[in-house]
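Below is one structure, written out as C-alpha cells, with a few remarks after it.
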Amino acid sequence: MASRGRKRKAEAALAAAAEKREKPAGSREGEVAGPSVVIEHCTSRVYGRNAAALSQALRLQAPELAVKVNPSRPRRGSFEVTLLRADGSSAELWTGLKKGPPRKLKFPEPHVVLEELKKYLS
C-alpha cells in the first residue's frame, strides 16, 4: 500500500513538468519573440527523418527563425509545417494530411517550403 503523500507528489511533479514544457528556458514573460516555424510530424521513423532533413534545411537557409519540431503531441499520420508570426497569427506552409498514397507525397521538398516561407515573410 502506497503512503499518502506519493500520489500528490507525483501529480505535482507532472504539473511542474508540463509547465516547464510550455515555457522554454530562454523565453521571458512579456518578451516579443520573432517568427518561428513549427514542424508537426507523426512519430514514425520515416516522418522523423523527413522532419529532421527539413528542419536542417530551414536552419541553414533562415538562421534567424526558430525551428520547433513537435512542440506538443502530434496527430497520427500528420506532417505539417506552420509559420508562427510575432503578432500571434499563423500561416500554414505545408500540410501532408490529405496527400498520398504513396507516402512520399506527404513530405515536401525543402525548396518548396522555403519559397512559401519567403512569400509569407516579405
Side-chain angles (χ1 to χ4, degrees):
M1 184 174 201
S3 69
R4 243 184 114 116
R6 285 187 186 174
K7 189 171 182 179
R8 290 186 187 124
K9 287 179 185 174
E11 288 173 359
L14 286 174
E19 188 175 318
K20 188 176 183 180
R21 268 186 259 132
E22 288 175 7
K23 234 191 314 184
S27 68
R28 295 182 207 135
E29 286 191 38
E31 182 181 2
V32 178
S36 63
V37 176
V38 175
I39 301 173
E40 177 190 1
H41 68 87
C42 178
T43 55
S44 169
R45 285 185 190 174
V46 175
Y47 287 75
R49 187 171 51 238
N50 284 292
L54 181 61
S55 68
Q56 182 180 12
L58 286 171
R59 286 184 178 114
L60 289 175
Q61 294 296 322
E64 69 278 358
L65 289 175
V67 179
K68 301 174 188 172
V69 179
N70 280 349
S72 61
R73 185 169 183 237
R75 294 170 289 167
R76 182 176 173 263
S78 67
F79 194 92
E80 291 189 333
V81 183
T82 307
L83 172 68
L84 299 177
R85 296 187 185 112
D87 62 358
S89 63
S90 64
E92 193 171 89
L93 301 176
W94 174 268
T95 182
L97 290 177
K98 302 286 183 188
K99 296 187 171 41
R103 190 179 353 182
K104 73 177 186 175
L105 296 177
K106 285 185 171 285
F107 312 114
E109 293 294 322
H111 67 86
V112 174
V113 175
L114 287 169
E115 288 173 12
E116 285 291 316
L117 182 64
K118 288 176 185 175
K119 187 180 352 175
Y120 281 109
L121 289 178
S122 57

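All values derive from a computational prediction rather than experimental measurement.
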What closest approach, in Å, do Pro74 and Glu40 show between heavy atoms, and which atom pair accounts for it?
CA-OE2, 3.6 Å
Hey, could you give me the CG/CG distance between Leu114 and Leu54, rounded to the nearest 0.5 Å?
7.5 Å
Say you draw a straight line from CG of Leu83 to CG of Leu65; how long is it, rounded to the nearest 0.5 Å?
7.0 Å
Quick one: are Leu117 and Leu58 in side-chain contact, heavy atoms under 4.5 Å?
yes
Identify the two heavy atoms, one from Arg59 and one from Val67, that lie closest to each other, and give their separation to 0.1 Å.
NH2-O, 3.0 Å
As an exercise, state the distance from CG of Asn50 to OG of Ser44, rounded to the nearest 0.5 Å.
9.5 Å
Closest non-hydrogen atoms of Gly48 and His41, given as atom of the first, atom of the second and distance, are CA-CE1, 3.5 Å
First locate atom CD of Gln61, then atom CD of Gln56, and finally report the distance between them rounded to the nearest 0.5 Å.
11.0 Å
Note: with side-chain heavy atoms under 4.5 Å as the link, the other cluster members for Leu84 come out as Val38
Considering all heavy atoms of both residues, which atom of Lys106 and which atom of Gly96 are nearest to each other, and what is their separation?
NZ-O, 3.0 Å
Lys118 bridged to Glu115 by N-O distance under 4.0 Å
no
When you group the ILVMFWY residues by side-chain heavy-atom contacts below 4.5 Å and let the links chain together, are Leu93 and Leu121 in the same group?
yes
Should the heavy atoms of other residues, nucleotides or ligands under 6.0 Å from CD of Glu92 be counted, would the total exceed 12?
yes
Given side chains that start at C-beta, do those of Phe107 and Val46 come closer than 4.5 Å, heavy atoms only?
yes
How far does CZ of Phe79 sit from CG of Leu97, to the nearest 0.5 angstrom?
11.0 Å
Rounded distance [0.5 Å steps], OG1 in Thr82 versus OH in Tyr120
10.5 Å
Scanning both residues in full, the closest heavy-atom pair of Tyr47 with Cys42 reads CB-O, 3.4 Å
